[in-house]
Amino acid sequence: MRLLLPPVGLIAAALAISPVLKPQDEEQANIIKDLAKTNKLDFWYPDATHHVAANMTVDFRVGEKESQAIQSALDQNKMHYKILIHDLQEEVDKQFDVKEDIPGRHSYAKYNTWDKTEKMVHKRPEMVSRIKIGTTAEDNPLYVLKIGKKDERRKAIFMDCGIHAREWISPAFCQWSVYQATKTYGKNKIMTKLLDQMNFYVLPVFSVDGYIWSWTQILKNRSKNQDSQCIGTDLNRNFDVSWNCEETKAVTDFIRSHLKSIKAHITFHSYSQMLLFPFGYTSDLPPNHEDLVCREKSMIYALTPPLAFRLFLHTSTIYPTSGSSLDWAYILSIKHTFAFELREKGKFGFLLAESRIKSTCKETMLAVKFIAKYILKHTS
């Protein structure tokens, strides 16, 4: 178990959980849940208190005022832990370790604020078009980028990034992938073939409101919730599968309107370097799970060296989740659906340094190309 605490700004401590440091049983897991009821624990992994279980790695952040009490409670209950990040603000600052060549210019090797992301300039307008599919709770535009030729009858892959606002490497990948696709078209044989024969629909930032606020303070989107003073909804728990919510209507409407052409749905998250497929809300395997396993294993082998992602048969092997875009797309009839948990495995959590953006994007792009080639060859 790992805990995240803050000293003068934010301490991130993580209850050290290697095989011998996880909650050994449900009694220890319940101790964490009880602490969360009386203290402000910001869970990094899993993403909610009720998912905490025995033999699970647990990461959470604690404010400076609560840190001493939390540590005392853990010590009293003889629970082993390790503080991974002593000053979270210091690690946040370390994220920005890539110097800008030209100040103000959009760099794909850096984390970009929404105003820069919204103004992405493409040198290949004949290959990239921007489609406004709706607006957010705070009236920001929601865009899908279409990469490929004008023919919408061609096979397509839908990709979404930034559904969780604080997972900055996710929207960084979507932006980088669009840039690389257009940059290498006509030069890279595989990319040229893919864009000559299929389209990509890319939602570079799903939780726009949350992303804007995540640069200062908040983690989700900014929708107001009925009968609650809390602002913000986890968009990836609000698709209409084992759940019931209209929060993601703009995206679901777009996918439904292109359902004949979309053959795969890929969603990008962080952190833990995993490759997942349905289902998250049940332990039942999808009917084509053997095919999905085969695809995943082949994909992972294609990425070595190094082995970038760990294979998990379905998301419920991590912890149960309801209302994910992955499960929704599969049930809708998109039978090739994957979720990537990008770098890294937990040492820095969501605070991946900019200097690791390129390497993360390159390895992930290899996997996307692998999926695209399979879709092109084996789907009708």
Side-chain angles (χ1 to χ4, degrees), residues 88-131 140-148 159-188 191 195 200-219 266-271 273 308 340-344 348-369:
L88 191 58
Q89 186 60 55
E90 181 180 330
E91 295 302 323
V92 169
D93 295 339
K94 285 181 181 178
Q95 276 188 287
F96 304 98
D97 61 349
V98 173
K99 185 178 179 180
E100 288 186 281
D101 295 331
I102 303 176
R105 182 179 178 181
H106 190 101
S107 171
Y108 294 90
K110 291 185 65 63
Y111 293 119
N112 292 292
T113 55
W114 170 245
D115 58 330
K116 287 186 179 180
T117 303
E118 185 187 13
K119 297 174 183 177
M120 287 173 62
V121 177
H122 303 288
K123 297 181 179 179
R124 306 294 293 266
E126 76 281 6
M127 293 184 60
V128 180
S129 57
R130 190 169 69 172
I131 307 166
N140 288 303
L142 195 60
Y143 293 120
V144 165
L145 301 178
K146 178 186 175 184
I147 301 93
M159 295 163 44
D160 69 62
C161 290
I163 200 167
H164 293 138
R166 62 182 169 183
E167 298 172 0
W168 285 4
I169 186 59
S170 172
F173 169 71
C174 263
Q175 295 172 58
W176 187 91
S177 66
V178 173
Y179 170 71
Q180 284 297 313
T182 56
K183 179 183 177 182
T184 59
Y185 177 77
K187 300 175 184 177
N188 178 275
M191 185 55 71
L195 293 181
F200 290 82
Y201 294 109
V202 181
L203 179 60
V205 182
F206 198 133
S207 179
V208 175
D209 297 342
Y211 186 72
I212 292 171
W213 278 79
S214 72
W215 281 75
T216 56
Q217 55 194 315
I218 210 162
L219 305 175
I266 314 174
T267 182
F268 298 90
H269 302 255
S270 73
Y271 56 94
Q273 291 176 222
F340 283 82
E341 294 283 351
L342 304 180
R343 292 191 187 186
E344 44 84 51
F348 300 106
F350 301 113
L351 307 178
L352 190 71
E354 288 178 326
S355 57
R356 301 183 70 183
I357 290 177
K358 278 189 176 180
S359 56
T360 301
C361 291
K362 284 182 178 179
E363 69 191 10
T364 308
M365 194 65 168
L366 289 174
V368 171
K369 286 182 179 179

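In this text, all values refer to a predicted model and were calculated from it rather than measured experimentally. Side chains are part of it too, since the values below use all heavy atoms of this structure and drop only hydrogens, waters and symmetry mates.
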From [X] atom [atom1] to [Y] atom [atom2], the distance as rounded to the nearest 0.5 Å:
X: Thr364; Y: Leu342; atom1: OG1; atom2: CG; value: 4.5 Å
X: Met191; Y: Gln180; atom1: CE; atom2: CD; value: 8.0 Å
X: Phe350; Y: Glu167; atom1: CZ; atom2: CD; value: 5.0 Å
X: Asn188; Y: Leu195; atom1: CG; atom2: CG; value: 9.5 Å
X: Phe206; Y: Cys174; atom1: CZ; atom2: SG; value: 11.5 Å
X: Ile357; Y: Tyr108; atom1: CD1; atom2: OH; value: 12.5 Å

Checking the side chain of [X] only, and the main-chain atoms of [Y] only, is there a donor and an acceptor separated by less than 3.5 Å?
X: Gln175; Y: Pro171; value: yes
X: Asn112; Y: Ala172; value: no
X: Lys146; Y: Ile131; value: no

Which heavy atom in [X] sits nearest to a heavy atom in [Y], and how many Å separate them?
X: Asp97; Y: Ala353; result: OD2-CB, 3.5 Å
X: Ile169; Y: Ser270; result: CG2-CB, 3.5 Å
X: Pro204; Y: Leu145; result: CG-CD1, 4.2 Å
X: Arg343; Y: Ser359; result: NH1-OG, 3.2 Å
X: Leu352; Y: Gln95; result: O-NE2, 3.4 Å
X: Tyr211; Y: Trp114; result: CE2-N, 4.0 Å

Query raised in the report: Does Arg356 pair with Glu344 as a salt bridge, N-O distance under 4.0 Å?
Result: no
**Report entry** Among Phe340, Tyr201, Phe268, side-chain contact (heavy atoms from CB on, under 4.5 Å) partner for Met159
**Finding:** Phe268
Query raised in the report: Given the side-chain rings of Phe348 and Trp168, with only the six-membered ring counted for Trp, is the space between their centroids under 6.0 Å?
Result: no
Query raised in the report: Are Val144 and Asp160 side-chain neighbours, meaning at least one heavy-atom pair lies under 4.5 Å?
Result: no
Query raised in the report: Does some side-chain heavy atom of Ser107 sit less than 4.5 Å from a side-chain heavy atom of Glu354?
Result: no
